[in-house]
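See below for the structure under consideration.
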Amino acid sequence: MTRDTPSEATPRALPRRNLLKGVAFGALTSGLAAFPGRSAAAPALRGTVEGTTLVRTLKLGKPGRGGYRKVVAGPGEPHIVRDDLGGAASAGRVSKRRELLSFVHLTDVHVIDAQSPARVEYVDRLSDPGGLLKSFPVTGGYRPQELLTTQVAESMVRAVNRIERGPVLGAPPAFTINTGDAADNAQYNEVRWVIDVLDGKRVRPDSGDLGRYEGVMAWGDPRYWHPNGDDDLPKGKYGFPTVPGLLESAHAPFTATGLKTPWLAVYGNHEALVQGNLPLLPVFQALAVGNVKITAPVSDAERREVADILRKGDDAAIKRLTESRSQVFRKVTPDAGRRLLSRAEVIREHGTHHGYTAANLKDGTAYYAFDRGVVRGLVLDTCNSAGYSEGSIDRAQFAWLERELVQGSSSYLGADGETVRRKTADRLFILFSHHTIETLTNGLGGGRVLGGEIEELLLRFPNVVLWVNGHTHVNEVIPHRRKSGPKGGFWEVSTAAHIDWPQQSRILEVADNRDGTLSVFATVLDSAAPASHGGRLDDPDRLASLSRELSANDWQPHLDGSGRPEDRNVELLLPAPF
């Protein structure tokens, strides 16, 4: 349900993360022969390369029992030069170039309260190979690694902190930006855990009964992985390991390191909606803080009955079912810290230290602008609170976006196609959002602006050079070409998630080559976790290593978020706009 369910408001049958399922690991790394005209010539490096994928990559080893594979170290990957938008990759650019901005991109951290009654793990179990729904395209309600998300976030912070200078330009990152789905289920405790990890505070990733694990991994249902050694399908059929003590270690408190850079927040659909899909109805609020957790309906008719109750938000019907169908429900310890947060409440938790402004606090909006030198960052709120995972923006935000672009542009194309000139200082614009352009397809509720219209607006402004986002859980780089007016366009850079394989982030560096071109360097970063946890559970890095391994072996059809080589370490050229 969280990877994400298709909707009637979405014309595509499945979002990209589902389209990529079933692709064997490694199939997306088949070399550059199919991509003529793109050079593998690496730029000169001036900064920190140790700890990046320029030096070492992580891949899967040979299949063992049940097909289970360990993570092993592989060779590094150089930057690939891409000139899809024009601009000659002249040799002289290396010595002439000037750094404009360097920053770190995190996305889709998905910090999860794995014991929450508001989770719907049973949906995934109905989707298992050979399960009740067989090929029903819903996954992400349950992942075997979901109890280790705070440790993955901590390990990524440690990796980011080691990058003292960007690998290509040699400048320290100005900030880190987290482009949404930092929490998984719109819950207060999840939002606090991720803020506290990034801020470097004491974190206790536990809820309910703090002396006893109450999530599905401790239940008798053999369809879930039981790390404590109980018999289950993942161990018996797919080769999953027994890891005694994991349930206790995963919920042990730790003091987070905290990012050395300032960090900025972006609002994602998993902060906005229950499981990233469903509106914040009273029935879900009651489930989240209550003492009843839905297990797994045993028939298709029962599943549909429960789904209908949840869709209608019928709290009274849930109570009746609890009394008459005890096999569908399990009693757990209630916890007020699991309460669901509105957009305004999420912003209030962040305050004005992480991008959100006093205006955001006052108005309850989640879009804003910020400046770093010549670059003006525009952060969008692409979440549709009416429901469904895919995104869009409202008309007021669209008007704000156009005003921002006009005010920072001395020359652009008007809506009529004619060139407009103004006496103003030019800015370079970089956009940040949770959703990709392709996934801005959710018109539910009316009055929404979709990806095509936003793209058309941006292409009128030659000083829009980059759009950075997540949501798809895949490393991907897409050129958006201008069809008329000045040559060029802008690059869209999406980065893999922390929750799914390969659990990566990026460092982005923007340079003026002083030869009529700009370059955007994107370098993929693994967490500080070693390739193997070595049987140790006493450190967040070791637990993050186990999480990475588990994510690679999820027995449902795998999502490989690695992307193609030209979607990972790249130099993206484009004509300088001014």
Side-chain angles (χ1 to χ4, degrees), residues 1-4 106-121 140-143 145-157 178-199 201-208 210 213-216 250-254 256 263 265-280 284-285 287-290 293 332-351 354 356 366 383 389 434 470-471 473 497-500 503 540 543-544 547:
M1 193 163 187
T2 60
R3 262 190 226 164
D4 287 308
L106 315 178
T107 193
D108 296 271
V109 180
H110 285 277
V111 164
I112 294 173
D113 174 6
Q115 302 176 82
S116 172
R119 297 190 61 73
V120 288
E121 296 94 341
Y142 168 77
R143 298 171 173 93
Q145 69 274 16
E146 66 184 24
L147 75 168
L148 297 170
T149 52
T150 54
Q151 292 84 3
V152 173
E154 165 66 11
S155 188
M156 191 62 75
V157 167
N178 189 342
T179 58
D181 284 7
D184 187 71
N185 203 33
Q187 293 183 190
Y188 167 78
N189 58 349
E190 293 178 345
V191 171
R192 279 305 336 161
W193 291 343
V194 72
I195 293 173
D196 291 345
V197 167
L198 300 184
D199 279 349
K201 297 183 178 180
R202 186 74 169 168
V203 178
R204 183 168 189 168
D206 200 358
S207 65
L210 300 182
Y213 183 76
E214 298 181 288
V216 297
H251 298 94
F254 64 91
W263 64 271
V266 179
Y267 197 58
N269 59 291
H270 278 260
E271 281 90 41
L273 303 164
V274 178
Q275 294 281 262
N277 286 261
L278 302 169
L280 305 183
F284 299 121
Q285 187 72 263
L287 279 172
V289 301
K293 182 172 174 62
V332 296
T333 304
D335 190 336
R338 293 169 173 154
R339 67 185 181 274
L340 305 177
L341 300 183
S342 67
R343 178 189 284 107
E345 289 170 324
V346 170
I347 294 168
R348 194 176 305 131
E349 290 303 318
H350 286 82
H354 301 303
Y356 296 126
C383 302
S389 63
H434 178 63
H471 186 62
H473 295 204
H498 287 33
I499 186 64
D500 290 316
Q503 299 190 350
L543 292 170
S547 171

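Here the structure is a predicted model, which means the values were calculated and not measured.
To the nearest 0.5 angstrom, Glu345 atom CD is 3.5 Å from Ser342 atom OG. With rounding to the nearest 0.5 Å, the separation of CG in Leu543 from CD in Glu154 is 11.0 Å. Distance check, rounded to the nearest 0.5 Å: CD1 of Ile195 to CG of Asn178 gives 10.0 Å. One distance of note links CD of Gln187 with CD of Gln285; it measures 9.0 Å at 0.5 Å rounding. Taking OG of Ser155 as the start and CD of Gln503 as the end, the distance is 9.0 Å to the nearest 0.5 Å.
Residues Gln145 and Ile499 share a closest heavy-atom pair of NE2-O, 2.8 Å. Summarising the geometry of Val157 relative to Leu198, their closest heavy-atom pair is CG2-CD2, 3.6 Å, with the distance given to 0.1 Å.
Distance alone, capped at 3.5 Å, is enough to place a donor-acceptor pair between the Glu271 side chain and the Asp181 backbone. Although no hydrogens or angles enter the test, the distance criterion places a donor-acceptor pair under 3.5 Å between the side chain of Asn277 and the main chain of Gln275. Of the possible donor and acceptor atoms, none in the side chain of Glu214 sits under 3.5 Å from a partner among the backbone N and O of Gln115.
The side-chain contact (heavy atoms from CB on, under 4.5 Å) test applied to Ala114 returns Ile112, Glu146, Leu147, Tyr213, not counting sequence neighbours. Remark: His354 engages Trp263 in a ring pair (Phe, Tyr, Trp, His ring centres under 6.0 Å) (not counting sequence neighbours). Applying the ring pair (Phe, Tyr, Trp, His ring centres under 6.0 Å) criterion to Tyr267, with sequence neighbours excluded, gives no partner residue.
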Can His434 and Asp108 be said to form a side chain to side chain contact (heavy atoms under 4.5 Å, CB included), step by step?
CA-CA 8 Å; His434 178 63; Asp108 296 271; 3.2 Å; yes
Hey, mind stepping through Gln151 and Ser547 against side chain to side chain contact (heavy atoms under 4.5 Å, CB included) and telling me if it holds?
CA-CA 9 Å; Gln151 292 84 3; Ser547 171; over 6 Å; no
Check step by step if side chain to side chain donor-acceptor pair (under 3.5 Å) holds for Ser207 and Asp113.
CA-CA 7 Å; Ser207 65; Asp113 174 6; 2.8 Å; yes
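The salt bridge (Lys or Arg N to Asp or Glu O under 4.0 Å) test with Glu349 singles out one residue from Arg192, Arg343, Arg339, and that residue is Arg192.
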